[in-house]
Amino acid sequence: MTAAVDTQAVLEVSGIRKSFFGVEVLKGIDFDVRPGEVHGLVGENGAGKSTLMKIIAGVQPADEGAVRYRGDEVHHTHPRQAMDDGIVTVFQEFTLLPERTVAQNVYLGREPRRGGFVDRRAMVTRTAELLADLGVSFIDPQARVGSLTVAEQQIVEIVKALSFDAQVISMDEPTAALSDREVELLYAIIRRLTSRGVAVIYVSHRLKEIFDLCDRITILKDGALVSTDATADLTTDELVRRMVGRSIQSYFPDAVDGTVVGEPRLELEGCGNAFVDEVSLSLRAGEIVGIAGLQGSGRTELVEGIFGIDPFVRGSMRVDGASTRITSARAAVRAGLALVSEDRKAQGLALGQSVLDNSLLVIRSVFSARTSSSRREVPGVLSSLEISSRGLDQEVRFLSGGNQQKVVLAKWLLTQPQIVLFDEPTRGIDVGAKYAVYQLMRDLAAQGKAVLMVSSELPEVIGMSDRILVMHDGELVAELPAGSAEHEILGAATGAIHPHDEATDGGAR
Amino acid sequence: MKRIRIDSTVIVLGILILALIIGAILVATVGRNFFSAGNVRDILTGMSVLGLVAIGQTLVVLGASLDLSVTYVISLSSLLAATIMNGSPGNIPAAVAVTLLVCAGIGLVNGLIVTVLKVNGFIATLGVGLILQGILNTNFEGSSGNVPWEFQLIGATGVGPIPVSTIIMIALAAVVWFLLNRTRTGAHLYAVGGDPEIARLSGVRTRPPLIAAHVLCSVFAGLAGLLLASRLGVGSPTVGQQGGYALLSIAAVVLGGTLLLGGRGSIWGAIGGVAILAVVDSVMSVMQVNPFLKDVVRGVVIVAAVAVYSRRAIVRRRPRFGPGGTRTGGDDAAKAAEPEMAAAASELADTSSAAEGGRS
Amino acid sequence: MNALRTLVSPRGAVFLLLVILLVAVTILNPSFAEPGQFMRFIQRVAPIAIVAIGQYFVIIAGEFDLSQGSLITAQVIIAGNLVGQDDSRTIPVLLLMVVFGAIVGLVNGVITTVLKVPSFIVTLGMMLALLGGVMWWTGGAATGNPADSFREIGRGGIRDVPLLEFIPWAVFILIGWLALGIWITKRPLGKLLIAVGDNATAVDFAGARSAWVTTRAFMISSLSATLSAVLLVGYAGVHPSVGRGYEFVAITAVVLGGVVLGGGRGWIVAAAAGAFALEALFMLLNIAGVPSTLRDAVQGVIIIAAVAYSAVAFRARRRRGPQTSPDLSASETAGPAEPVSTATTRTIHTETRGD
Amino acid sequence: TTDPSVAPAESDSPDESAETTEWFDQELFDKQMEERGVEPQGPADEPYLQHINAEMVDTSAFTSEGAKKACFANASISNPWRQTGWITMNEQLKSLQEAGAISEMETRDAQDSDDTQIADIDYFIAEGGCDVFLISPNSTAAMTPAVERACETGKPVIVFDRGVNTDCPVTFIHPIGGFAWGIDTAEFLIDNLEEGDKVVALRILPGVDVLEHRWAAAEKLFDEAGIEAVDYFTGADPAEIKSIISDELAKGDVQGIWMDAGDGAVAAIEAFEDAGADYPVMTGEDEMSFLRKWKETGLTGLAPVYSNFQWRTPLLAAQMVFAGEEVPKEWVLPQKPITEAELDDYLEANDGMPDGHYAKFGGENLPGYPTVWQERQIP
Ligand SMILES: Nc1ncnc2c1ncn2[C@@H]1O[C@H](COP(=O)(O)OP(=O)(O)OP(=O)(O)O)[C@@H](O)[C@H]1O
Ligand SMILES: Nc1ncnc2c1ncn2[C@@H]1O[C@H](COP(=O)(O)OP(=O)(O)OP(=O)(O)O)[C@@H](O)[C@H]1O
Ligand SMILES: [Mg+2]
Ligand SMILES: [Mg+2]
């Protein structure tokens, strides 16, 4: 790595303080990036990373402190000003308009003009070039963003930032929805940017990326600066210790003692809808089954099919041995299923409502008669998940990502589900929270519940699963035992290898 | 490969054609010719005023706002124009200019209340409408002013069965279409209507496009008022309410496929919506339908027409299996990308297994 | 002190406005402060407040109900024509009106949720169709006022009450309806409605029958309009213009009460207070002798100013953070007890507490 | 708002009354004042054929055999008065069809919109195949050019209710007018009240000439007689009316009520009942709701009339025109208020009619009487 240690910082912030509703979320942060450097920013959920990025991007003003850019103090009050100066940000939340095309989104705010009018052709060709640069050919610049998958949207989001002639690019979890292949492509882009002298601020919860990419790493904890070090001076364990304040022995907890794999709780036989087909699988009590696959392979559709969002139109389903038809989410919940969905902001939470109301969402929706008894359980469940909020009344939108995810978990735990479907359960949450989620899965298994987990992070699939199912193009193509190697999974996921030609032990296909 | 998506404008056109066919048949049953010059003129005339209002309304609705004050702006504009003209052709330019400026001013006030004071468009324009109503009531009693014959010609003449006013309306619609699709303000209006926060994060200044939309909306209402003045020969303090233009224009805009929440829609859809309403009205008039029943039919038609496409307009994922699916139908681009993806992934499989040691 | 802060806070803006208006009315006309007069005032507000309560449920779910006014007119005319001078028909016709109201709400709700037509359009269509429909049916003129037993509900009350002189039935009905409304907001239905207004997908994924949830909001709204019509038949009598414009008055009242158009936020009591504030404003305009032609203008200015005040004040508060008494948040908060609560969150408390 | 000395809050009234003069037309006032006293000519039992101070015109140019097609551009049927008239007109049509004078009547209803009515008239000119145009203008000035275009076809044009600013129509049919109404009502109230008494005027909406004339005349007379008059626009909404009266009664005593139209009179009276105040001296209209309440309460009242029977006259005039008979150029129909002495007769005659019916509808000798009006059958 070409650490540009001795060059002058291009962007420097000092003494940044910021409060929301009187709670200080940034407590005097000093931070700088140098040209050609990738500066990693890590910290637990709610540590204040995104807030810092937003201050740099001119989205929110800091309460105190200064931002110096190329030597001069700047006071950006609108993202426009920061962008014009050459500070560009990939925000944690998507900033794409689903109704507009890819090209229109990429050039939003600075559409190329000819003779005073928007030059649509230039917009499309330039977008196509940028996409090609990233090595992406499957996104049509004229496609509506709403018709793209989450991963494709994330790519567009990155392309949007790259389309600037930027001096500083901040990326707030750019890879949360990306698969390894696309992450790899992003690496290449970032390296090309830095070689041109662009400074990159990189926020991610995937520590591997941090170590792969960054020259220096800054750690935040609870809004305070912990340290800034050259990457070479840090080990993964040390980083985690500083982030979490304790060291985590293993990333993946072992199965709880006494967990027994029992009877099948959920069985699918030849199920299919418009998105997936010929799905046969069985989930046993006490078992954690992982589903791997490439982006767009239909894993989300599979769990949504099981959960009745897009009900299966073919095949049969059995819950605890009894034949069941699940044609709506309501039926699924009644049958004892729970779905921790992929996109918690869009599908999981009513952001303007309180923690309490969100926790009781499912109970009120399906088991309204149980509301008052469940209401009493809420504090217990919340504290067992170690949610840090300012109280049951706090609006969920003011929580950090990890805490929001925990509210989603709480909402399902209150229903005492028997079969829990997790879709990307650790997306965008920090190591500590991840560990809590893993522990929760283990506990559920130990209680004799069945757990199905979809994840794009292969280590997670490998580390947690008792069995691994692989999806490819809408179908389950392989079943692999626990502890399979990444390349085996990927081979099946890409369709390069067809493991079901070899002997597999029942279960799927 | 472009994904085929039935545009709501196409559906609106379809409904319009259906309305025309049914209308023609119904009109024939009472021994009339639907496509006679007089009837075509009647329909097009009916479209002109509402069309102008709907063009402006489309702009604000695209920006996720509303304008309920148009009715009063129309009345005010007709009065201002007629009183300033005061029967003399020489005053026409001044009258038109002053009227449109005043309307633009009202639009600016609307826009500022919505963007700066953050009052919801519904309430802001309802309030401004009340204020205008008060101003109208205090300053004008009944129709007043006098529009010279030269200006009345705009409302009274036509090219064959096509009134000049309709031609003007369509031409202005084309201008606005161009504005929306070929200027930054247009693009930003879509963005602000789609999601103001996203627009802001993308570096769009969110106020100017919405203010511009409100100004243009009021100006178009002003134009509608001018057209009414030219047709009436006088200004009238109630001519706006008479046509119920506020709610009808919103209905036409939505009928035309524009999302009431903003961010999606088109001018041509709105014109189509206006045309549907005009055709239905014309058919009912020829059939001498009881005026009360007319309202019932209008209500039903508006809801039914929107119902035709509203479900379809909801963004859905592409199916993979079944009719139209990528597996059965064949999505060339996706298929083409397949080997490439596979290659990249297997390459990655090698590297990642090598790098695995780095992780615990 | 706290009460004062609540008043100045954006959520309390409507109460502040109401107090100011009532004080102004009393100064101009001291007899207003007499209990009897005040009861009459409540009787007058009741129909509007009840419609506003109904509209509240639709608005927090992110929808509109523009058909309320027409429904009132329709119901008033139904009452006039079907009851006639026959006392014995009072109860059956009342039941019929309730059924009719429920059906109108059901149709509004089903078209909105199942056919996915924006409610603004559905209820606009309903508004046209209902009004046109009853006018067509009756040839524009109702037969006449119904029997006095029917009108007693909106016109009568308990007389010769010590201190208060006269308590109209409308006062009890309003209190009852508001209590019912508050109860519903605390029930799963109310909570789900506000959640639907916030994020309908999340509610779907939680397994709710969200179509039915929203539909019930429309039914509540239509039933409120029906109840309001019953009161108005008594208060005003049967006439095709009774109820005209009530949908806009109700929406204005609800927004004045700080409820956000688009859903997900708002307090039912404030919505009802919005109706009181509006009616107090009308009364002030009458009492102050504002020229009839200027009345609308004054009304427009005050509505915009009031809504702008709460919007701007809300933002300012958000930026400033809390500087209010910490004692408010002490109630049963989990986690670290950081003393964060504004008068704002205080009002939310009263709303979210206690299932 | 007329008496500047009343209260400081009303100090802007001088410019209000300045505006009022815009509507006040001394010439018209005097003319109508005079017409009130004239004994109308024509058959006494057919008021819709009577006329006042008529200047007859020759129509022999239009003489023509056979049943004719009438085209009727109606402003609207959006209020009970117009609805009642419209029912009457249709019954008149039936009797003329039987008589073989009119073959059919094609009607376009403009639903209160000037713009629509202009288009309606243009459509009739182009496509209607009309033999005679009947026009009930939505507003006076705006309809003038369209009526002129209709005249240019050479076919007879008959205008009624509101007028137009052209004398091209063969005849313009209307009752005496708004000033006469204002004079009738104001004189009655002045006679029955003391100087300094307060009258609350409940008006429907601003800007409609027929209505504005009523108030312009009344206001002037109140002013001269020293009666304090406050006016409100109510949109004919009884709830609104009730609130207004309640507030006025809370402020102080009200001795008189003046109304633009009978709608809502009942609510106004009930407001007095509810407040426990004495009944006011009151003017309403010949609408049944008011007549019934008037009878029931026994208050001192007057029902001015804007003769609803005028809806019969246009078709009859058309028949006369094609027969070559003379018709008045300006056909002023009688307009006589119903007094307390006549109240019982009218109540009896209209027994069973709905509240929105008008006592002087003049259709007693038409085929569908009385069921069509009782059931309010609107085509
Ligand atoms: N607009 C806001 N209003 C109130 N509180 C906020 C707001 N934005 C963020 N916060 C709070 O500020 C703190 C820091 O949030 P921030 O989003 O910066 O964390 P983060 O480090 O990015 O976490 P994550 O990794 O989960 O994205 C959190 O406690 C959050 O609740
Ligand atoms: N290459 C592709 N070929 C066909 N369909 C695709 C492709 N890419 C995306 N899609 C569409 O996206 C859908 C899959 O979406 P999605 O990305 O949510 O699946 P996934 O496997 O759950 O991925 P993830 O949950 O990791 O985002 C498919 O049903 C299809 O409509
Ligand atoms: Mg973050
Ligand atoms: Mg997925």
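Order of the sequence lines sets the chain letters (A, B, ...), proteins ahead of strands, with each chain counted from 1.
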I'd like to know whether C:Phe64 forms a side-chain contact (heavy atoms from CB on, under 4.5 Å) with B:Phe122, so could you lay out the CA-CA distance, the side-chain angles of the two residues, the decisive distance to 0.1 Å, and finally the verdict. CA-CA 11 Å; C:Phe64 281 99; B:Phe122 187 99; 3.8 Å; yes

For C:Ile303 and B:Leu126: C-alpha separation, side-chain torsions, deciding distance, then whether side-chain contact (heavy atoms from CB on, under 4.5 Å) applies. CA-CA 9 Å; C:Ile303 289 171; B:Leu126 195 69; 5.8 Å; no

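Between B:Val254 and C:Phe120 the shortest side-chain heavy-atom distance does not fall below 4.5 Å. B:Ile302 has its side chain within reach of C:Leu128: a pair of non-hydrogen atoms, C-beta onward, lies under 4.5 Å apart. Within the 4.5 Å cutoff, the side chain of B:Leu117 has no heavy atoms near those of the C:Tyr309 side chain. Between C:Met127 and B:Leu247 the shortest side-chain heavy-atom distance falls below 4.5 Å.
Comparing B:Gly129, B:Pro291, B:Gly299, B:Ala124 by how many heavy-atom pairs each has under 4.5 Å with chain C, the most go to B:Gly299. Interface summary for chain B: among C:Ile111, C:Leu130, C:Ile251, C:Leu66, the most heavy-atom pairs under 4.5 angstrom belong to C:Ile251. The residue among B:Val297, B:Leu130, B:Val128 with the most heavy atom pairs within less than 4.5 Å of chain C is B:Leu130.
Residue B:Ala251 touches chain C through both its backbone and its side chain, counting heavy-atom pairs closer than 4.5 Å. Of the atoms belonging to C:Val255, it is side-chain heavy atoms, and not backbone ones, that fall under 4.5 Å from chain B. Residue contact with chain B, scored on non-hydrogen atoms closer than 4.5 Å, involves the backbone and the side chain of C:Ile304 alike. Heavy atoms closer than 4.5 Å to chain B are found in both the backbone and the side chain of C:Ile121. Proximity to chain C (any heavy atom under 4.5 Å) is restricted, for B:Leu66, to the side chain, taken from C-beta onward.
The distance from atom CG of B:Leu68 to atom CZ of C:Phe248, rounded to the nearest 0.5 Å, is 5.5 Å. Between the CD1 atom of B:Ile131 and the CG atom of C:Asp296 there is a distance of 10.0 Å, given to the nearest 0.5 Å. We find the CG-CD1 distance between C:Leu294 and B:Ile135 to be 9.0 Å, quoted to the nearest 0.5 Å.
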N/O donor-acceptor pairs under 3.5 Å from side chains in residues 269-280 of chain B, not counting sequence neighbours:
none

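The shortest non-hydrogen separation linking C:Pro118 to B:Val306 is CD-CG1, 3.8 Å. Across all non-hydrogen atoms, the minimal contact from C:Val307 to B:Val119 is CG1-CG1, 3.7 Å.
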